[in-house]
Every structure is written in C-alpha cells, then in structure tokens.
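Below: one structure, written as structure tokens.
Because only heavy atoms are used, hydrogens play no part in the values below, and waters and symmetry mates are left out as well, while side chains stay in.
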Amino acid sequence: MRHLGAFGQAGRLVGLASWRIMSTTRGRVLYVDDLVTDPGMRRMGAGRALLAWLERAGVAAGCQTIELDSAVTRSDAHRFYARVGLSISAFHFSGTLGTYAKR
C-alpha cells in the first residue's frame with residue numbers, strides 16, 4: 001500500500017490517500033483504500049488534488065479504472081465523488097463470519 005499526502009499552509013497535512021495497484025478480472029485497477037481530508041479544510045481542493053494525482057499515477061501504471069468503497073452513511077463523500085466524475089458501479093456486501101451456517 002502506498003500513501004499520498006496533501007499539504008496546506010506551513011506544511012500542515014490536510015488530506016491523505018492510501019492506494020494500491022491491483023490486477024483484477026476487470027483489468028488493472030488503481031484502488032483507493034482511504035481518502036480523507038481535514039474536516040475544517042474541506043472544499044479547499046485537497047481531495048480533488050489527491051484524486052487528480054492518483055488518476056495520473058493510474059494512467060502511468062496502465063490502469064483502466066480507479067475504484068474505492070465508501071460507507072453508505074457517507075453522503076458528503078458521495079456528493080464529492082459524484083462532483084469529480086466517479087459513479088456508483090457496485091454494492092459491497094459484508095457480514096460477520098460464523099453466522100451463515102445458522103441460516
């Protein structure tokens with residue numbers, strides 16, 4: 001996993017992305033594990049700058065797509081992702097292990 005930071009005034013960290021390149025059945029993917037910005041610095045361009053850098057890195061690495069998961073409760077993040085051109089392409093399902101055999 002790799003990490004990318006966005007820094008503001010006086011070198012203060014205002015955003016961070018954790019990412020990796022994966023080979024999947026969908027081709028090479030730049031997967032963003034985490035994308036966070038300082039709540040007090042949102043709408044200042046850090047998230048957009050991080051995604052722009054990640055896009056360039058993905059293209060340079062031969063990736064076809066950029067992907068990330070976002071919790072269903074993160075409506076502010078979803079609006080941001082839509083504004084920058086990402087779309088909802090899948091649902092992510094999860095469950096606690098050891099409960100399925102009982103159903």
Side-chain angles (χ1 to χ4, degrees):
M1 185 176 315
R2 300 173 187 173
H3 305 283
L4 174 67
F7 297 87
Q9 295 176 327
R12 181 173 171 238
L13 182 66
V14 297
L16 180 69
S18 299
W19 60 282
R20 56 194 152 134
I21 304 293
M22 302 186 324
S23 293
T24 72
T25 57
R26 298 174 308 285
R28 283 179 67 81
V29 173
L30 188 146
Y31 185 80
V32 181
D33 289 280
D34 295 293
L35 179 64
V36 294
T37 57
D38 181 327
M41 300 298 291
R42 292 197 175 137
R43 295 185 126 339
M44 305 293 275
R48 190 176 291 269
L50 289 168
L51 282 175
W53 190 96
L54 290 168
E55 180 179 24
R56 291 189 300 274
V59 168
C63 296
Q64 288 78 35
T65 60
I66 184 170
E67 297 180 3
L68 57 84
D69 289 328
S70 182
V72 295
T73 58
R74 302 288 317 271
S75 56
D76 288 345
H78 303 163
R79 282 191 292 277
F80 168 72
Y81 297 138
R83 273 197 314 273
V84 299
L86 298 178
S87 61
I88 299 171
S89 61
F91 290 105
H92 178 91
F93 293 89
S94 64
T96 304
L97 292 175
T99 62
Y100 304 105
K102 298 173 188 172
R103 295 180 188 181

For a side-chain contact (heavy atoms from CB on, under 4.5 Å) with Val14, tell me which candidate from Met41, Gln9, Met44 qualifies.
-> Met41
Non-neighbouring partners of Arg12 that pass side chain to side chain donor-acceptor pair (under 3.5 Å), sequence neighbours left out = Asp38
Does Ala71 offer a backbone N or O that forms a donor-acceptor pair with the side chain of His78 under 3.5 Å?
-> yes
With rounding to the nearest 0.5 Å, note down the distance linking CZ in Arg83 to CZ in Phe80.
-> 7.0 Å
When clusters are formed by joining ILVMFWY residues with side-chain heavy atoms under 4.5 Å apart, either directly or through shared neighbours, do Val36 and Leu51 land in the same one?
-> no
Drop me the distance from Glu67's CD to Met22's CE, to the nearest 0.5 angstrom.
-> 6.5 Å
Given the options Thr24, Val29, Leu30, Thr65 meets side-chain contact (heavy atoms from CB on, under 4.5 Å) only with Val29
Residue of the set Arg42, Arg48, Arg43 for which side-chain contact (heavy atoms from CB on, under 4.5 Å) holds with Thr37 = Arg42
Do Tyr81 and Leu54 belong together in a cluster built from hydrophobic side chains that touch within less than 4.5 Å?
-> yes
Are Leu35 and Val84 connected in a single hydrophobic cluster, I mean Ile/Leu/Val/Met/Phe/Trp/Tyr linked by side-chain heavy atoms less than 4.5 Å apart?
-> yes
Test item: Glu55 and Ile66 side chains (from C-beta on) under 4.5 Å apart, heavy atoms = no
Check whether Leu4 and Ile21 end up in the same hydrophobic cluster, where Ile, Leu, Val, Met, Phe, Trp and Tyr are linked by side-chain heavy atoms less than 4.5 Å apart.
-> yes
Given side chains that start at C-beta, do those of Asp69 and Tyr31 come closer than 4.5 Å, heavy atoms only?
-> yes
Between the CG atom in Asp33 and the OG atom in Ser18, the distance rounded to the nearest 0.5 Å is 6.5 Å
Do the side chains of Val32 and Leu50 get nearer than 4.5 Å, heavy atoms only?
-> no
What distance do Arg20 atom CZ and His3 atom NE2 have between them, rounded to the nearest 0.5 Å?
-> 11.0 Å
How about Arg28: does its CZ atom have over 12 heavy atoms from other parts shown lying under 6.0 Å from it?
-> yes
